[in-house]
Amino acid sequence: MPLKVYNTLSGKKELFETIEPGEVRMYVCGPTVYDSCHIGHARSVVFFDIVYRFLSAVGYDVTYIRNFTDVDDKIINRANQLGVSSEDISEKYINEFYRDMDALNVKRATIEPRATQHIGDIINIVSVLIEKNMAYPMDGDVYFRVASFEGYGKLSGRKLEDMEAGARIDIDERKENPFDFALWKTAKPGEPSWDSPWGKGRPGWHIECSAMSWQLLGESFDIHGGGKDLIFPHHENEIAQSEAAFGRQFVRYWLHNGFVNINSEKMSKSLGNTTLIKDILAVHHPETVRLFLLSNHYRSPIDFTDQSMKESAGNLDKLYGLLQRISDTYGNLPMVRLNSNNMSRYGEVWKEFFFSMEDDFNTARGLAVLFEAVRKVNRIMDDITDETAFETKYQVESIASDIVKIANIFGILTEIPYEYFDRKRSDALKSNTVDPETIETMIDQRTQARKNKDFATADRIRKELEDMKITIEDRADGTIWKVMD
RNA sequence: GGCGGCUUGGCCAAGUGGUAAGGCGACGGCCUGCAAAGCCGUUAUUCUCCGGUUCAAAUCCGGAAGCCGCCUCCA
């Protein structure tokens with residue numbers, strides 16, 4: 001079971017070996033809660049959700065920490081603009097985060113701490129760093145002394161000397177080195193503040209993650225994740241703080257997900273193309289969003305476009321279509337229990353999926369395995385005869401069971417197929433002026449015409465329905481209809 | 001200026017030195033009264049280009065071109 005992960009620290013795929021056998025301690029940077037979550041947040045949160053699900057499913061005991069940074073310049077600015085307190089802002093956006101991520105079927109982490117709950121731990125670390133002479137107080141602020149940490153730059157591959165040349169940084173003459181960063185900031189009037197040995201103040205940006213991970217996972221742990229943008233300076237500074245304070249390796253494996261582009265453009269507020277999760281969910285099924293996010297390798301950029309979403313939506317239909325077909329044929333879905341440690345109960349499809357996922361969480365390849373399985377089941381069911389009925393049921397159940405296990409990792413196919421299609425149809429009807437009763441009546445008329453072999457009338461009615469953006473399918477047990485995309 | 005990444009069929013996209021997954025689209029077929037859905041088949045002798053290593057390269061090395069990201073708040 002050789003799981004390999006790409007480690008930003010080494011720039012290579014490495015064999016995954018945990019500090020404690022069978023246990024994974026994992027910390028992922030959550031949002032700074034000053035604004036609504038966009039599709040980029042969704043990518044990071046959904047990806048690490050899948051890492052969490054996968055590691056748990058293959059038998060690890062996973063402690064997963066995902067934090068909220070709820071004290072920060074951006075939150076304070078926002079609060080001042082709106083004339084409310086910082087807590088009002090952070091509470092509002094924490095609630096929004098949960099609403100979005102719950103909708104996306106993201107599992108809650110083991111612990112979801114907030115920076116403001118760990119002020120004491122932050123002060124402790126800062127004090128240790130000052131004692132070790134690796135940080136210095138200055139007019140109520142405390143700065144980390146970058147030059148005192150030998151490994152500074154090892155994550156992002158930067159050298160202090162190289163950076164100084166062209167870097168755009170505000171020159172603060174009080175700092176010993178322009179790259180020294182604030183561990184503690186003295187409070188300005190009206191800002192949230194806490195008592196500290198250096199006076200009233202609040203934490204700097206990076207220190208909260210060092211404090212929370214230390215407190216909840218220990219001085220050294222297995223996985224630290226986040227978006228690529230956090231590599232520098234955030235994660236570089238975390239390493240500096242934590243390793244300087246504790247004198248040992250902070251994190252074994254650093255995982256960073258790539259960005260989401262919008263129609264091939266970088267998503268940014270200046271371009272005005274920041275795409276919020278809640279806006280996407282108003283149009284797309286949450287599982288469509290997950291399927292879309294899984295369709296590329298997590299470290300590559302992914303392009304959010306109408307076409308890519310349409311494809312993912314079609315693929316989701318295909319998956320639910322199979323589940324419905326199985327359910328229509330056999331009455332119920334295979335009962336699946338995701339109880340790991342017993343690989344013998346997993347079929348070939350799961351094994352293929354596992355090989356894909358253990359290679360640096362290759363979800364795109366895992367998706368290919370899933371679709372191959374779907375096609376295989378459809379093929380089997382196309383070919384059912386009386387003689388093969390018993391045998392094929394066993395085959396279908398076996399493969400379908402793997403499909404559902406895979407879906408559990410991907411966090412999709414959580415609905416009853418009938419309800420999925422029903423809801424999809426009623427959602428589509430909201431933007432359509434046609435009422436269902438008219439459709440049903442027309443379908444009845446067409447069914448009657450077909451019974452009478454009056455195919456001209458039958459085809460005319462279908463044409464009329466198509467003009468109303470309604471498509472129909474004649475099935476063994478009757479005619480069903482859908483709203484066209 | 002420094003650092004990093006990417007370039008695979010009409011489009012999206014995997015690819016672990018051994019002879020190109022998967023999805024969408026298109027075309028042909030099976031099924032169907034006709035459709036739809038599903039299935040089958042065809043769609044890359046070739047992986048931006050030029051060299052090199054090797055029995056063997058999309059995969060390794062060197063170079064060129066194009067695109068992109070980070071270095072400033074950012075998932």
Side-chain angles (χ1 to χ4, degrees), chain A residues 4 8 11 13 28-32 34-35 37-48 72-74 77 153 156-159 161-170 179 205 225-234 236 256-261 264-269 274 291-292 295-297 299-303 305 307-308 310-312 314-315 317-318 321-322 324-325 352 355-356 359-360 362-383 449-450 453-456 458-459 462-463 466 471-475 479-482 484:
Chain A
K4 283 172 290 177
T8 306
K13 274 186 207 173
V28 175
C29 284
T32 299
Y34 74 104
D35 206 348
C37 291
H38 52 64
I39 183 68
H41 293 106
R43 185 178 200 191
S44 180
V45 172
V46 167
F47 169 65
F48 286 104
D72 175 90
D73 290 352
K74 292 190 291 291
N77 289 342
S156 54
R158 286 156 219 271
K159 296 190 180 87
E161 313 85 70
D162 293 343
M163 288 196 296
E164 286 179 68
R168 291 171 282 170
I169 41 151
D170 54 331
F179 289 93
W205 174 32
K228 266 192 161 76
D229 53 319
L230 296 179
I231 295 171
F232 189 88
H234 185 55
E236 193 71 63
H256 293 99
N257 63 275
F259 287 166
V260 179
N261 290 330
S264 307
E265 268 187 335
K266 177 191 156 103
M267 182 169 66
S268 74
K269 293 195 173 174
T274 305
L291 221 42
F292 160 70
S295 64
N296 264 30
H297 187 91
R299 283 188 281 115
S300 305
I302 189 169
D303 199 15
T305 64
Q307 194 201 336
S308 57
K310 207 168 179 177
E311 278 182 21
S312 294
N315 283 336
D317 280 356
K318 186 192 275 256
L322 177 74
Q324 178 152 62
R325 184 178 189 187
E352 280 299 314
F355 290 144
S356 304
D359 183 10
D360 195 29
N362 193 332
T363 55
R365 202 166 122 198
L367 216 47
V369 172
L370 185 61
F371 286 116
E372 278 171 12
V374 168
R375 200 174 56 217
K376 192 170 178 183
V377 173
N378 272 316
R379 186 166 53 221
I380 291 169
M381 295 185 74
D382 277 358
D383 294 343
R450 290 177 71 221
K453 305 276 184 206
D454 180 4
F455 296 122
D459 288 348
R462 184 173 55 204
K463 182 71 176 58
E466 275 170 13
T471 180
I472 55 176
E473 290 179 27
D474 294 326
R475 300 201 177 168
T479 300
I480 63 140
W481 58 276
K482 297 175 180 171
M484 290 157 85

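Chain letters run A, B, ... following the sequence lines, proteins first and then strands; every chain starts at 1.
Listed by chain and number, the residues in a ring-ring contact (aromatic ring centres under 6.0 Å, His included) with A:His297 amount to none (sequence neighbours excluded). For A:Asn77, the side-chain hydrogen bond (donor to acceptor under 3.5 Å, both in side chains) criterion is met by no residue, not counting sequence neighbours. For A:Lys13, the salt bridge (charged side-chain N to carboxylate O under 4.0 Å, His left out) partners two or more places apart in sequence, or in a different chain, are A:Asp359. Not counting sequence neighbours, the partners of A:Gln307 by the side-chain hydrogen bond (donor to acceptor under 3.5 Å, both in side chains) test are A:Glu311. Every salt bridge (charged side-chain N to carboxylate O under 4.0 Å, His left out) that A:Asp73 has, sequence neighbours left out, goes to A:Lys185, A:Arg202. Every residue meeting the ring-ring contact (aromatic ring centres under 6.0 Å, His included) condition with A:Phe292, not counting sequence neighbours, appears here in chain and number order: A:Phe304. Under the salt bridge (charged side-chain N to carboxylate O under 4.0 Å, His left out) criterion, A:Lys269 pairs with A:Asp35, sequence neighbours left out. A:Lys482 is linked by a side-chain hydrogen bond (donor to acceptor under 3.5 Å, both in side chains) to A:Glu473, counting only residues two or more places apart in sequence or in another chain. Applying the salt bridge (charged side-chain N to carboxylate O under 4.0 Å, His left out) rule to A:Asp229 yields no partners; only residues at least two apart in sequence or on another chain are considered.
As the counterpart of B:U7, B:A65 is assigned, both hydrogen-bonding distances of the Watson-Crick or G-U wobble pattern falling under 3.5 Å. Taking a pair to require two hydrogen-bonding distances under 3.5 Å in either a Watson-Crick or a G-U wobble arrangement, B:C47 remains unpaired. Summarising the base pairing, B:A26 is matched to B:U42 through a Watson-Crick or G-U wobble pair whose two defining distances lie under 3.5 Å. Pair assignment for B:C31 gives none, since no Watson-Crick or G-U wobble pairing has each distance under 3.5 Å. Base pairing annotation: B:G1 forms a Watson-Crick or G-U wobble pair with B:C71, both donor-acceptor distances under 3.5 Å. The partner of B:A57, taking Watson-Crick or G-U wobble pairs whose two distances both stay under 3.5 Å, does not exist in any strand shown. Pair assignment for B:A14: none, as no Watson-Crick or G-U wobble contacts are both less than 3.5 Å. Pairing of B:A21, defined by two Watson-Crick or G-U wobble distances under 3.5 Å, is not identified with any nucleotide.
Among B:G38, B:G69, B:A75, the nucleotide with an atom closest to any side-chain atom of A:Lys318 is B:G38. Here the side chain of A:Ala368 is nearest to one of B:A75, B:A21, B:G38, namely B:A21. Taking every side-chain heavy atom of A:Glu473 into account, B:A37 is the closest of B:A37, B:A75, B:G23.
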#### Entry: Derivation and outcome, salt bridge (Lys or Arg N to Asp or Glu O under 4.0 Å), residues A:Arg462 and A:Asp459
CA-CA 5 Å; A:Arg462 184 173 55 204; A:Asp459 288 348; 3.7 Å; yes
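The C1' atoms of B:G51 and B:G15 are separated by 24 Å, rounded to the nearest whole Å. With P as the reference atom, B:G66 and B:C73 are 31 Å apart, rounded to whole Å. Nucleotides B:A20 and B:U46 place their C1' atoms 8 Å apart, quoted to the nearest Å. Rounded to the nearest Å, the gap between the P atom of B:U8 and that of B:C68 is 15 Å. Nucleotides B:G62 and B:U53 place their P atoms 15 Å apart, quoted to the nearest Å. B:C70 sits 25 Å from B:C12 when the C1' atoms are compared, rounded to a whole Å. Annotation: B:U43 and B:G2 have their C1' atoms spaced 45 Å apart (nearest Å).
Checked by atom type, the side-chain pair A:Asn362/A:Ser356 shows no donor-acceptor distance below 3.5 Å.
For A:Lys74 and B:U72, the NZ to C1' distance is 11 Å, given to the nearest whole Å. Regarding A:Arg43, its CZ atom lies at a distance of 19 Å from the P atom of B:C74, rounded to whole Å. One interatomic measurement links the two molecules: CG of A:Asn261 to C1' of B:C74, which rounds to 14 Å at whole-angstrom precision. One can place CZ of A:Phe371 at 12 Å from P of B:G22, the figure rounded to the nearest angstrom. As rounded to whole Å, 13 Å separates atom P of B:G38 from atom CE of A:Met381. The NZ-P distance, from A:Lys228 to B:C71, rounds to 13 Å in whole Å. Distance, A:Leu367 CG to B:C24 P: 11 Å, rounded to whole Å. Counting to the nearest Å, the P atom of B:G22 and the CG atom of A:Leu291 are 17 Å from each other.
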Write out a two-atom table: protein N or O, nucleotide N or O from nucleotides 40-43 of chain B, distance below 3.5 Å.
from: B:C40; atom 1: OP1; to: A:Arg379; atom 2: NH1; distance (Å): 2.3

Which atoms of nucleotides 32-34 of chain B (N or O only) lie under 3.5 Å from a protein N or O atom, and what are those distances?
from: B:G33; atom 1: O6; to: A:Arg446; atom 2: NH2; distance (Å): 3.3
from: B:G33; atom 1: O6; to: A:Arg450; atom 2: NE; distance (Å): 3.2
from: B:G33; atom 1: N1; to: A:Asp459; atom 2: OD1; distance (Å): 3.0
from: B:G33; atom 1: N2; to: A:Asp459; atom 2: OD1; distance (Å): 3.1
from: B:G33; atom 1: N2; to: A:Asp459; atom 2: OD2; distance (Å): 2.5
from: B:C34; atom 1: O2; to: A:Arg462; atom 2: NH1; distance (Å): 3.1
from: B:C34; atom 1: O2; to: A:Arg462; atom 2: NH2; distance (Å): 2.2
from: B:C34; atom 1: N3; to: A:Arg462; atom 2: NH1; distance (Å): 3.0
from: B:C34; atom 1: N4; to: A:Asp474; atom 2: OD2; distance (Å): 2.9

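A:Gly321 comes within 4.0 angstrom of no nucleic acid atom, judged by non-hydrogen atoms across all strands. Using a 4.0 Å heavy-atom criterion, one finds that A:Arg299 contacts no nucleic acid atom at all. A:Ile39 comes within 4.0 angstrom of nothing in the nucleic acid, heavy atoms only. Nucleic acid contact for A:Gly40: base, since at least one base atom lies under 4.0 Å from a heavy atom of the residue.
Minimum heavy-atom separation, A:Ser156 to A:Phe232: OG-CD1, 3.5 Å.
At the phosphate of B:A75, neither OP1 nor OP2 sits under 4.0 Å from any side-chain N or O atom of A:Asn257. Here A:Trp205 reaches the OP1 or OP2 of B:C74: one of its side-chain N or O atoms lies under 4.0 Å away.
A:Asn257 contributes atom CG, which lies 11.0 Å from atom CZ of A:Arg299 (distance to the nearest 0.5 angstrom).
Taking the side chain as every heavy atom from C-beta outward, A:Arg365 and A:Glu352 never approach each other to under 4.5 Å.
When the nearest nucleotides of RNA chain B are assigned to A:Asn378 and A:Val369 by heavy-atom distance, the more 5′-ward of the two goes with A:Val369. Between A:Gly157 and A:Ile472, the residue anchored closer to the 5' end of RNA chain B is A:Gly157, taking for each the nucleotide with the nearest heavy atom.
Other residues, nucleotides and ligands place no more than 12 heavy atoms under 6.0 Å from the NZ atom of A:Lys376.
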### Task
Could you run through nucleotides 6-18 of chain B and give me one letter per nucleotide, 5' to 3': B if any protein heavy atom sits under 4.0 Å from the base, S if only the sugar-phosphate is that close, - if neither?
-----S-SSS---
